[in-house]
Amino acid sequence: MKKLLFSLLLLASLQTQAQKYFTKTGTTIFNSKSPVEKIEGVNKATACLLDTRTGSIDFIVQIKSFVFEKQLMQEHFNENYLESDKFPKANFKGVITNHTAINFTKDGDYNAEVVGKMTLHGVTKDVKFAGKISVKGGKVIITSSQMLLLQDYKIAVPNAVKDKVSKDVKITVNTTLELMK
Amino acid sequence: MNKLIKPLLIALLSLSAINTFAQDNKDDLEKLLGEDQPKKEYVKNAFKSNRVIQGHSMEMTGKGVLDFRILHRFGEIKGGWREMFGLDQASMRMGFDYGVHKNLTLGIGRSTVNKEVDGYVKYRIVQQSKGAKSFPVSILLISGATMQSLKATSNNYLSDFSNRLGYYHQMIVGRKMGDKFTLQVSPTFVHRNLVATTSDNNNMVAIGIGARAKLTNRMALILDTYPIVYGAREAYNYFPLSLGVDIETGGHVFQLHITNSKGMNEKAFIGETTQNWGKGQIQIGFNLSRVFTIVKNTEGSW
């Protein structure tokens with residue numbers, strides 16, 4: 001009896017040693033096509049947590065950490081469009097649907113599909129992303145590029161600049177996750 | 001002894017198991033990032049531009065940013081339709097402000113009134129912040145000088161160069177309250193080397209008050225006034241008062257307003273405002289600001 005309890009406990013404690021990968025220095029790029037000028041913000045403080053056992057994957061992006069070459073653009077991005085005082089971060093909580101097909105212990109490249117909920121500008125939507133997962137030297141590299149419609153997230157574009165700002169933006173994610181100890 | 005050790009061991013193991021469970025919960029991304037801890041965050045955009053209307057605001061020009069400003073003041077509105085409500089006459093100031101550092105702005109400008117050149121140094125001692133180690137207000141110091149470039153004639157005083165000069169020194173204490181409202185107070189000292197008559201005072205002190213109330217993300221009501229507390233000549237010097245709206249369109253900020261002051265630098269609008277709101281001596285004016293990025297921005301955490 002005691003031995004059973006003993007081994008059960010041991011098992012339980014072993015099981016919680018799940019394979020989790022983490023980073024807080026991932027890159028997210030916000031890019032809007034514009035005929036007039038380059039609108040691009042780069043965020044190098046993207047946090048991501050991946051659980052290879054369950055396939056669950058979470059992202060948190062601080063809106064204020066996006067850097068634009070033009071300060072005025074950065075100001076408008078925060079103040080007028082994303083309203084970062086009200087909605088300081090965007091996040092994604094989802095699952096890699098084909099995570100069992102990915103061998104996280106061996107180097108290789110895989111196509112991955114992720115479904116989950118994305119919250120941006122205070123609006124939460126069910127989303128489905130396609131991306132690439134590369135395993136290399138014990139690290140997991142996730143890359144994905146996705147178009148988002150601004151109006152889906154209630155991000156208003158004023159009439160005066162409707163010609164200059166496109167209705168959709170490209171979000172590119174590139175993160176390198178390391179095994180958590 | 002053995003009987004004692006085993007339950008102890010089990011208890012210890014179960015404790016460690018519980019511990020790893022707790023650890024498991026802790027792996028939640030938000031907790032990993034330690035976001036429960038407050039961080040220091042600077043308060044930005046207390047005003048849309050580096051001027052309230054006439055006077056300096058508690059905002060700086062960003063580092064590496066050049067702000068090209070064109071200001072217009074028209075004639076008195078009460079001239080009526082014959083004068084196109086003042087639009088027939090205009091005086092202007094054209095100026096450049098440059099952000100050397102996030103806390104240091106240099107500026108230069110020239111006004112048609114008195115053919116005057118002005119320059120200033122603006123330094124922010126402390127910036128309002130919230131979160132950990134926050135500070136409730138922004139505090140700035142500004143020093144400026146003005147020089148008239150009117151041609152000297154044999155019978156005026158301008159042949160002595162020092163008579164062309166004026167100075168101003170100012171401190172701004174301002175606070176953005178919540179998202180929508182900003183208030184600042186700016187005690188200002190003005191010295192003019194030459195004044196028009198013996199009843200004018202070379203030194204003047206005004207306590208400026210500037211306020212902004214945001215209407216939308218791109219529009220705000222603004223008030224800018226400098227009550228003169230020392231040195232005003234009776235029934236001659238009136239304090240400047242300007243009311244307006246800030247309108248932001250892409251790369252421009254328009255400040256459309258009505259004012260009783262024609263001067264467009266501190267020495268001129270505090271020392272030389274002779275129009276009186278009480279008599280309806282007011283005019284339409286606008287400021288136009290256009291910023292150019294000279295040095296690319298690399299700073300996040302906006």
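Just so you know, these numbers use all the heavy atoms, side chains as well, and skip hydrogens, waters and symmetry mates. In the text below, chain A, chain B and the rest are named by the order of the sequence lines, each starting its count at 1. Keep in mind it's a predicted model, so treat the numbers as computed, not measured.
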Is there a side-chain contact between A/Met73 and B/Asn297 in this structure, where contact means two heavy atoms from C-beta onward sitting under 4.5 Å apart?
no
I want to check something: taking the side chain as every heavy atom from C-beta on, are B/Asn45 and A/Glu75 in contact at a cut-off of under 4.5 Å?
yes
Let me confirm one number: the NZ-CG distance from A/Lys24 to B/Leu29, rounded to the nearest 0.5 Å.
10.5 Å
Interatomic distance, A/Lys70 atom NZ to B/Lys296 atom NZ [nearest 0.5 angstrom]:
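The NZ atom of A/Lys70 sits 10.0 Å away from the NZ atom of B/Lys296.
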Side chain from CB out, backbone as N, CA, C, O: work out which of these in [X] comes under 4.5 Å of a heavy atom of chain B, or both, or neither.
X	value
A/Phe77	neither
A/Lys44	neither
A/Ala45	neither

Closest approach of [X] to [Y] (non-hydrogen atoms, all atoms of both residues):
X	Y	value
B/Asn217	A/Asn80	O-OD1, 3.3 Å
B/Thr293	A/Glu69	CG2-O, 3.7 Å
B/Leu33	A/Phe22	CD2-CZ, 4.3 Å

Short question: side chain of A/Gln71, backbone of B/Lys63 - any donor-acceptor pair under 3.5 Å?
yes
Counting only heavy atoms from other residues, nucleotides and ligands, does the tally under 6.0 Å from [atom1] of [X] exceed 12?
X	atom1	answer
B/Lys180	NZ	yes
A/Gln151	CD	no
B/Lys102	NZ	yes
B/Met94	CE	no
B/Lys40	NZ	yes
B/Met84	CE	no

Can we say A/Asp85 and B/Lys44 salt-bridge, meaning some charged N sits less than 4.0 Å from an Asp/Glu carboxylate O?
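Here A/Asp85 does not pair with B/Lys44 in a salt bridge, since their nearest N and O are not under 4.0 Å apart.
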Test: A/Glu79 and B/Arg218 ion pair at under 4.0 Å:
no
With respect to chain B, which residue among A/Asp58, A/Val165, A/Leu72 yields the maximal number of heavy-atom pairs within a distance under 4.5 Å?
A/Leu72
